[in-house]
Amino acid sequence: MDEAAVADIFAAFGPVRCRRLFGGLGVYADGVMFALVIKGRIYLKTDEDFARALAARGAEPFVYEAKGRAVTVAYWSLPEAALDDADDAAELARAALGIARMAAGAKRPRAKGRGAARRGSLPA
């Protein structure tokens, strides 16, 4: 699946941008990655509730192998029905984008260099 096909699926959602990522594509809206495309399949960023809702619609988790073990991350496949329903795909994309924004906001910036956090807390 290429960038044009992804843009077509999410046309009712709005403009998306794709970037190469681990042999697939990262799908971005407003600078936030909310989906992956791996081996021709779209996976949406999820939290526990959204993952359950997608699972109820037949979606599957994104799983990859690392160091001989299966690793599951917080991305679940776009339900098949949404591939042919632009409004459904847009609604699911909005939910995934909201979750991705919350996850991005929860990450704290790392201090640069050794002892940077300690140095930053000393009086000037």
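Reckoned from all heavy atoms, side chains included, excluding hydrogens, waters and symmetry mates.
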Participant: Not counting sequence neighbours, which residues clear side-chain contact (heavy atoms from CB on, under 4.5 Å) with Leu36? List them please.
Facilitator: Leu21, Met33, Ile38, Tyr43, Phe62, Tyr75
Participant: Looking at Ala89 and Ala82, what are the two nearest heavy atoms and their distance?
Facilitator: CB-O, 3.4 Å
Participant: Enter the distance from Met1:CE to Arg41:CZ here, rounded to the nearest 0.5 Å.
Facilitator: 10.5 Å
Participant: Parallel, tilted or perpendicular: which describes the rings of Phe34 and Phe10, with under 30° parallel and over 60° perpendicular?
Facilitator: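 The rings of Phe34 and Phe10 stand perpendicular, inter-plane angle above 60°.
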Participant: Can you check whether Glu65 reaches Val71 side chain to side chain, under 4.5 Å on heavy atoms?
Facilitator: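 They are not in side-chain contact.
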Participant: From Ile9 CD1 over to Leu92 CG, what is the distance, rounded to the nearest 0.5 angstrom?
Facilitator: 12.0 Å
Participant: Any link between Tyr28 and Phe22 through a network of hydrophobic side chains (Ile, Leu, Val, Met, Phe, Trp, Tyr) touching at under 4.5 Å?
Facilitator: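 Yes; tracing contacts between hydrophobic side chains, which count when under 4.5 Å, links both residues.
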Participant: State which residue, out of Asp2, Leu78, Val6, fulfils the side-chain contact (heavy atoms from CB on, under 4.5 Å) condition with Val37.
Facilitator: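 Passing option: Val6.
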Participant: Looking at residues at least two apart in the chain, or sitting in another chain, which of them share a salt bridge (Lys or Arg N to Asp or Glu O under 4.0 Å) with Arg94?
Facilitator: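 For Arg94 there are no salt bridge (Lys or Arg N to Asp or Glu O under 4.0 Å) partners, ignoring immediate neighbours.
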Participant: Distance check, rounded to the nearest 0.5 Å: Arg19 atom CZ versus Leu25 atom CG?
Facilitator: 11.5 Å
Participant: How long is the straight-line distance from CD1 of Ile99 back to CG of Leu44, given to the nearest 0.5 Å?
Facilitator: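 One finds 9.0 Å between CG of Leu44 and CD1 of Ile99.
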Participant: Exactly one of Leu54, Thr72, Val73 should register a side-chain contact (heavy atoms from CB on, under 4.5 Å) with Pro61. Which one does?
Facilitator: Thr72
Participant: Would you name the heavy atoms of Ala103 and Lys45 that are closest together and state the gap between them?
Facilitator: CB-CE, 4.0 Å
Participant: Provide the closest heavy-atom pair for Pro15 versus Ala29 in the form atom of the first, atom of the second, distance.
Facilitator: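 Scanning both residues, the minimum pair turns out to be O-CB, 4.2 Å.
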Participant: So Asp87 and Glu91, do their side chains get closer than 4.5 Å, heavy atoms only?
Facilitator: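 No. Closest side-chain heavy atoms not under 4.5 Å.
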Participant: Of all residues at least two apart in sequence or in a different chain, which pass the side-chain contact (heavy atoms from CB on, under 4.5 Å) check with Ala95?
Facilitator: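 Phe50.
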Participant: For Trp76 versus Ala59, what's the shortest heavy-atom pair and its separation?
Facilitator: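 Between these two residues, the closest heavy atoms are CZ3-O, 3.4 Å.
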Participant: Can you tell me if Asp47 uses its side chain to pair, donor with acceptor, with the backbone of Asp49 under 3.5 Å?
Facilitator: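 Side chain of Asp47 to backbone of Asp49: a pair is present.
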